Amino acid sequence: MKIEPDECSIDDLARRPGQSVPWTGVRNYQARNFMRDAMRPGDGVLYYHSSCAEPGIAGLAEVASAPYPDATQFDPASPYFDAKATPEAPRWVHVDVRFVRKTRLLTLAELRAEPRLATMELLRKGSRLSITPVSAAEWAVVTQLLDR
DNA sequence: GCCAACGTTGGC
DNA sequence: GCCAACGTTGGC
């Protein structure tokens, strides 16, 4: 899962140990669908800092809830307000995430240099999705690199 | 700030 | 359903 560290860095997340943090604000259907259809409580999350000086994986988190409606879509004062969404027919759902641990920064350059990650969705050319699936094999490679 | 890549919108 | 215009993402 990508996040701009200005919004909620791994250090910000670490200040809320054991707490569920609602992953609000996703307004892309594919990313939503990954949360809605492919994530289950307990699933591992690679916590990726984007749009910053040193983009890369900065820690691990885990999925901490089933998918449920994003409250910000109903709030006219929110930048994520969606006039076409109603509580009866919510358009946007998300999961909660929970801090697991901070890691060293595994930079985007390092990730790109690893041939075993060549087909990872996050690294695909032109990939902009803020939430992408990680295969078990990719997870194993990444966690190995993180502990190096 | 630039720009490639991609998603969304809306007229037709 | 097509596709041009526009908006967003995100590395550099």
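All chains are named by letter (A, B, ...) in the order of the sequence lines, taking the proteins before the strands, and each is independently numbered beginning at 1. Predicted, not measured: the structure shown is a model, and the values here were computed from it.
- Regarding A:Met1, its CE atom lies at a distance of 13 Å from the P atom of C:dG10, rounded to whole Å.
- A centroid separation of less than 6.0 Å is found between the aromatic rings of A:Tyr29 and A:Trp92.
- Atom CZ of A:Arg91 and atom C1' of B:dT9 are 12 Å apart (whole Å).
- Computed from coordinates, the A:Leu108 CG to C:dC12 C1' distance equals 11 Å when rounded to whole Å.
- Of the possible polar contacts, one joining the A:Gln73 side chain to the A:Arg91 backbone as a donor-acceptor pair under 3.5 Å is found.
- In this structure, NZ of A:Lys125 is placed 14 Å from C1' of C:dT9, rounded to the nearest angstrom.
- In this entry the distance linking OH of A:Tyr29 with P of C:dT9 reads 15 Å, nearest Å.
- Remark: P of C:dG11 and NZ of A:Lys2 are 6 Å apart, rounded to the nearest angstrom.
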A:Asp11 and A:Arg16: CA distance, side-chain angles, deciding distance, salt bridge (charged side-chain N to carboxylate O under 4.0 Å, His left out) verdict:
CA-CA 9 Å; A:Asp11 289 322; A:Arg16 295 191 264 178; over 6 Å; no
For nucleotides 1-7 of chain C, 5' to 3', base contacts (B), sugar-phosphate-only contacts (S) and non-contacts (-) with protein non-hydrogen atoms under 4.0 Å give ------B
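- Of the N and O atoms on the side chains of A:Arg27 and A:Thr72, at least one donor lies less than 3.5 Å from an acceptor on the other residue.
- Residue-level contact check: A:Glu4 touches neither bases nor backbone, having no heavy atom under 4.0 Å from any strand.
- The closest side-chain heavy-atom distance from A:Asp82 to A:Phe74 is not below 4.5 Å.
- Both A:Lys84 and A:Asn28 lie close to DNA chain B; mapped to their nearest nucleotides by heavy-atom distance, the more 5′-ward contact belongs to A:Asn28.
- Going from atom CZ of A:Arg112 over to atom C1' of C:dC12 covers 11 Å, rounded to whole Å.
- Inspection of the A:Asp75 and A:Tyr80 side chains reveals no N or O donor paired with an N or O acceptor under 3.5 Å.
- Per the geometry, CG belonging to A:Asp6 stands 15 Å off C1' belonging to C:dT9, to the nearest Å.
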